[in-house]
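Notes follow the structure.
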Amino acid sequence: MSSITLYTAKACPYAHRVEIALAEAKAEFKAYQIDLRNKPEWYAPEVNLASKVPAIAYGGPDVPPENPSPESVKLVESLVLVEFVASLFPEANLIPKDLVLRAQTRFFIEVVSSKFVPAFKKFLVRGEGYEDLLTCAETIQNILPATGSYAMGNQYTIADIAITPFIARLKIASANEIGKFPFGQGSEFLSVLTGERYAKFHAYAARLLDRQSHQATFNPEHQSCLCDAICSSIAGKFESMLQ
């Protein structure tokens, strides 16, 4: 197996997706934390020209992460990397073998990308209310299967990985009243979300957050970094971290 170096950041939900995938795959890899407010000068030209996380350096000689080899292949974009990891480690069973379920997995991811993530940013980053998040929660619970623990039934897949980091950050930010929204609106949102109308979504979210791969990749240190990052939104810096 070729070497894997993950360039990540504790506060970043996109990078967290890849960390969860690697944990599910029980993969061996090196991780390098990128300070999103003070990125190394070598990172953009040598790893990701867009200067974003996550990124993976795959293959090439065994070198320190801060000295990436030009012989390694640089891969970027969180959902691309999650599917890459899932394909690289098929024994993790993160992509359904059934073609219909596979298509439904990608549809679920599209809903997360086009609806849930923009609503997440609208509330936390721009403070424009949580109504769209509630609409998204209802949309997602309507496409969840009637039985099973996850988006594709009892099989945990890349669909679940796509949404987990955003649910985790949404819960912590709302509970701690940190974001661009008015103080008190976080707890108000959580109170509504945990009501009977959204019971199916809330139960699904709880199962995602209880999963070992999430627990192992989102510890108190990560949560502290997240709180610091969200507080930086007051200075207009947080949105650039969520690209």
Side-chain angles (χ1 to χ4, degrees), residues 1-97 102-103 105-114 116-117 120-121 151 156-166 168-169 213-214 216-218 222 225 229 239-243:
M1 178 69 67
S2 298
S3 64
I4 299 172
T5 298
L6 172 66
Y7 295 90
T8 184
K10 290 183 175 69
C12 179
Y14 298 98
H16 190 196
R17 284 171 166 171
V18 188
E19 293 189 29
I20 292 174
L22 289 165
E24 287 285 338
K26 298 179 172 57
E28 293 186 10
F29 66 100
K30 295 178 183 176
Y32 187 90
Q33 293 290 331
I34 297 293
D35 183 344
L36 298 176
R37 285 172 277 193
N38 186 26
K39 297 171 187 173
E41 291 183 3
W42 50 263
Y43 184 67
E46 297 184 39
V47 178
N48 184 359
L49 288 174
S51 195
K52 298 177 182 179
V53 293
I56 279 179
Y58 180 69
D62 185 13
V63 295
E66 62 271 25
N67 186 30
S69 170
E71 296 178 40
S72 63
V73 178
K74 312 306 189 297
L75 304 170
V76 299
E77 296 297 333
S78 66
L79 293 174
V80 172
L81 296 181
V82 166
E83 190 156 346
F84 174 72
V85 171
S87 300
L88 196 60
F89 298 93
E91 65 276 11
N93 204 28
L94 293 173
I95 299 177
K97 293 181 175 62
R102 192 178 300 180
T105 296
R106 294 199 169 106
F107 175 72
F108 189 95
I109 292 172
E110 172 59 24
V111 171
V112 172
S113 299
S114 64
F116 192 84
V117 172
F120 168 94
K121 291 182 179 180
Y156 183 86
T157 68
I158 59 176
D160 305 298
I161 292 173
I163 195 171
T164 298
F166 293 91
R169 285 156 177 78
S213 58
H214 168 71
T217 54
F218 199 59
H222 289 74
C225 289
E239 188 160 15
S240 66
M241 298 180 187
L242 288 178
Q243 302 301 312

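Only this structure's heavy atoms are used, side chains among them; waters, hydrogens and symmetry mates stay out. The structure presented is a predicted model; accordingly, all values stated were derived computationally and were not measured.
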Show the nearest heavy-atom pair for residues [X] and [Y], with the distance to one decimal.
{"X": "Ala55", "Y": "Val47", "result": "CB-CG1, 3.7 Å"}
{"X": "Arg169", "Y": "Cys12", "result": "NH2-O, 3.5 Å"}
{"X": "Ser213", "Y": "Tyr156", "result": "OG-OH, 4.0 Å"}
{"X": "Pro68", "Y": "Lys74", "result": "CB-CE, 4.1 Å"}
{"X": "Ala159", "Y": "Ile109", "result": "CA-CG1, 3.7 Å"}
{"X": "Ala9", "Y": "Ala15", "result": "N-CB, 3.9 Å"}

Discussion item. Could you walk me through whether Leu36 and Val53 satisfy the side-chain contact (heavy atoms from CB on, under 4.5 Å) test, starting with their C-alpha distance in whole Å, then the side-chain angles of each, then the deciding distance to 0.1 Å, before giving a yes or no?
Written reply: CA-CA 9 Å; Leu36 298 176; Val53 293; 3.8 Å; yes
Worksheet item: Does atom CD of Glu41 have more than 12 heavy-atom neighbours, drawn from other residues, nucleotides or ligands, at distances under 6.0 Å?
Response: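 Counting other residues, nucleotides and ligands, CD of Glu41 stays at 12 neighbours or fewer.
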With rounding to the nearest 0.5 Å, note down the distance linking [atom1] in [X] to [atom2] in [Y].
{"X": "Ile56", "Y": "Leu22", "atom1": "CD1", "atom2": "CG", "answer": "5.5 Å"}
{"X": "Tyr58", "Y": "Leu81", "atom1": "OH", "atom2": "CG", "answer": "13.0 Å"}
{"X": "Asn48", "Y": "Glu77", "atom1": "CG", "atom2": "CD", "answer": "7.5 Å"}
{"X": "Thr157", "Y": "Glu83", "atom1": "OG1", "atom2": "CD", "answer": "10.5 Å"}
{"X": "His16", "Y": "Lys10", "atom1": "NE2", "atom2": "NZ", "answer": "11.5 Å"}
{"X": "Ile161", "Y": "His214", "atom1": "CD1", "atom2": "NE2", "answer": "12.5 Å"}

Discussion item. With a 4.5 Å cut-off on side-chain heavy atoms, are Tyr14 and Pro54 touching?
Written reply: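 In short, these two side chains touch, coming nearer than 4.5 Å.
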Worksheet item: Is any side-chain heavy atom of Phe120 closer than 4.5 Å to a side-chain heavy atom of Ile163?
Response: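 Heavy-atom side-chain distance check fails, nothing below 4.5 Å.
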Item to complete: Take Leu6 and Glu19 through the test side-chain contact (heavy atoms from CB on, under 4.5 Å) and record every step on the way to the result.
Response: CA-CA 8 Å; Leu6 172 66; Glu19 293 189 29; 3.6 Å; yes
Discussion item. Let's go through Ser113 and Leu79 carefully: what are the C-alpha distance in whole Å and the side-chain angles of both, what is the deciding distance for side-chain contact (heavy atoms from CB on, under 4.5 Å) to 0.1 Å, and is it a yes or a no?
Written reply: CA-CA 10 Å; Ser113 299; Leu79 293 174; 3.5 Å; yes
Worksheet item: Thr105 and side-chain contact (heavy atoms from CB on, under 4.5 Å): which partner among Ile95, Leu94, Asp160, Ile158?
Response: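 When Ile95, Leu94, Asp160, Ile158 are each tested with Thr105, the side-chain contact (heavy atoms from CB on, under 4.5 Å) holds only for Ile158.
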Worksheet entry | Tyr7 side chain vs Pro65 backbone, donor-acceptor pair below 3.5 Å |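 The answer is yes, because a donor-acceptor pair under 3.5 Å joins these two groups.
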Item to complete: Look only at the side chain of Lys30 and the backbone of Val63, and say whether a donor-acceptor pair between them is shorter than 3.5 Å.
Response: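 It does hold such a pair.
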Discussion item. I'd like to know whether the aromatic ring centres of Phe116 and Phe166 sit less than 6.0 Å apart in this structure.
Written reply: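 Centroid distance Phe116-Phe166: not below 6.0 Å, so no.
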